[in-house]
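First up is the structure itself, then whatever we jot down about it.
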Amino acid sequence: MVEKTLHYFNDSTARTVYVTDIEFPYPDGELIVSRTDTNGIITHANQVFVDISGWQREEIIGAPHCILRHPDMPKAAYADLWATIQRGERWMGYVKNLRKDGGFYWVYATVLPNIRQGKVIGYSSIRRKPCRNQVAEAEALYAAMRAQEGSHV
Amino acid sequence: MFKMMVVPDYMPDQFSAWYMLNTHLQKTADINIGLVMPESFAEVAQLQKATPAAMIYANPFDAGHYVRDQGYRPLVRPREQFDEVVLVCPADAAYQRIEDLQTPLRLAVSHNEDANFIGQRLLEPAGLPESDVERQHKDNFLMVASAVARGQADVGIVSADVYAQLSDITRSRLKVLLQSRINEISHVWLYLPQWQAEADALQPILTELHTDEPGRRILTSLGMPAGFEILDEESMEFMIDLVDTLRD
């Protein structure tokens with residue numbers, strides 16, 4: 001297990017995480033579904049989310065969605081995600097997520113604002129199994145982005 | 001007149017069950033209900049354009065249009081009954097999983113676009129270029145299954161409900177490559193707000209249908225043994241949001 005420091009895109013805080021190179025296989029045919037409030041605090045998680053994340057449901061609900069953030073993801077990807085959904089648009093992309101045990105899993109994620117009576121009341125994130133070729137492309141792209149950010153530990 | 005429309009997603013042998021349900025609702029609620037069962041989605045669109053139904057049993061992919069564009073409101077949905085699909089291939093096919101699929105690929109699909117959307121999402125991990133996938137359009141799921149069983153298509157997209165009802169002979173000639181387990185989207189009953197009083201009367205009848213023997217018989221015939229549960233506005237909106245993410 002390797003210790004790494006996570007830097008967030010929207011403030012100067014950092015968090016220490018422990019990662020392994022063990023990939024958790026995405027379950028065939030399933031969707032990972034979660035919802036957050038407008039501050040990114042998780043309010044709903046389906047059972048697939050609970051199972052794949054390695055966290056208990058009680059640990060997930062009320063936690064910030066960024067507990068899933070893997071240090072191999074560039075800060076710019078999250079900055080783009082938040083800027084997009086805060087404009088009221090949906091964001092789609094390949095994401096490497098961190099499990100509680102330090103392992104990881106790749107997803108193709110769609111994040112969208114939940115607009116009710118013209119007002120954003122929160123966000124939904126729906127993830128599905130990604131194509132490995134696209135994951136390989138994303139890995140290369142994100143590595144280059146991290147190098148540019150100088151944040152890779 | 002209170003017009004109740006059922007979209008053509010049911011199996012042929014469930015046709016009479018919808019009339020049994022209508023008779024039960026009319027009798028119990030003392031409302032004169034005209035049941036409309038179009039033969040195609042083109043006919044649904046045509047009828048809806050002329051006079052929108054007071055109440056409609058719609059698939060989750062069309063529900064967004066009805067709710068957000070036409071002002072329909074959610075009433076109930078089948079309890080523990082989700083819309084899932086299976087990807088089938090010939091029983092003797094060499095491939096065992098989606099990632100084994102190669103192009104060129106002959107994909108048999110029905111006219112049921114919601115099943116096709118889900119099926120396409122399930123196929124994504126194979127990374128097949130769209131241009132190398134030949135789509136064969138069949139009239140219904142049974143014909144999709146038949147085309148695959150006869151080796152005329154490499155993969156077919158079939159509703160999980162329909163697959164479960166295929167004959168043993170047909171199923172023995174097929175292999176399930178993958179079954180979706182989305183567990184979030186289902187058909188829904190919607191109503192127009194000007195029919196609020198009728199909807200208020202029908203909602204408890206539908207949600208309590210499973211509590212007595214005659215109701216259970218109707219539900220079993222409809223293939224919804226667990227009955228219906230209330231569908232609130234937020235659950236409906238969330239289902240629409242989720243379905244939207246499957247479109248691209």
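Atom set for the values below is all heavy atoms of this structure, side chains included, hydrogens, waters and symmetry mates excluded. Because the structure is a prediction, the values reported are computed rather than measured. First the proteins, then the strands, lettered A, B, ... as listed; each starts at 1.
When heavy atoms are compared at a cutoff of 4.5 Å, B:L246 approaches chain A by way of both its backbone and its side chain. Of the atoms belonging to A:V33, it is side-chain heavy atoms, and not backbone ones, that fall under 4.5 Å from chain B.
Residues of residues 167-189 of chain B having a heavy atom under 4.5 Å from any heavy atom of chain A, listed by number: B:L178, B:Q179, B:S180, B:R181, B:I182, B:E184.
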Should B:E234 and A:R116 be marked as a salt bridge (Lys or Arg N to Asp or Glu O under 4.0 Å) after you check the CA-CA gap, both sets of side-chain angles, and the distance that decides it?
CA-CA 9 Å; B:E234 181 50 34; A:R116 310 288 184 259; 2.8 Å; yes
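In this structure the side chain of B:P125 reaches within 4.5 angstrom of the side chain of A:K129, judged on heavy atoms.
Using a 4.0 Å cut-off between a side-chain N of Lys or Arg and a carboxylate O of Asp or Glu, B:D241 and A:R35 do not qualify as a salt bridge. By the 4.0 Å N-to-carboxylate-O rule, B:E99 lies too far from A:R132 to be salt-bridged with it.
The heavy-atom pair separating B:G127 from A:C131 by the smallest distance is CA-SG, 3.5 Å.
The CD1 atom of A:I126 lies 13.0 Å from the CZ atom of B:R121; values are rounded to the nearest 0.5 Å. The CG atom of A:L31 sits 7.0 Å away from the OG1 atom of B:T245 when rounded to the nearest 0.5 Å. With rounding to the nearest 0.5 angstrom, the CG atom of B:L242 is 10.5 Å from the OG atom of A:S125. Separation of atoms OG (A:S124) and CG (B:D244) is listed at 11.0 Å; rounding is to 0.5 Å.
Between the side chain of B:R97 and the backbone N or O of A:D28 there is no donor-acceptor pair closer than 3.5 Å.
Within 6.0 Å of CD on B:E80 lie no more than 12 heavy atoms contributed by other residues, nucleotides or ligands.
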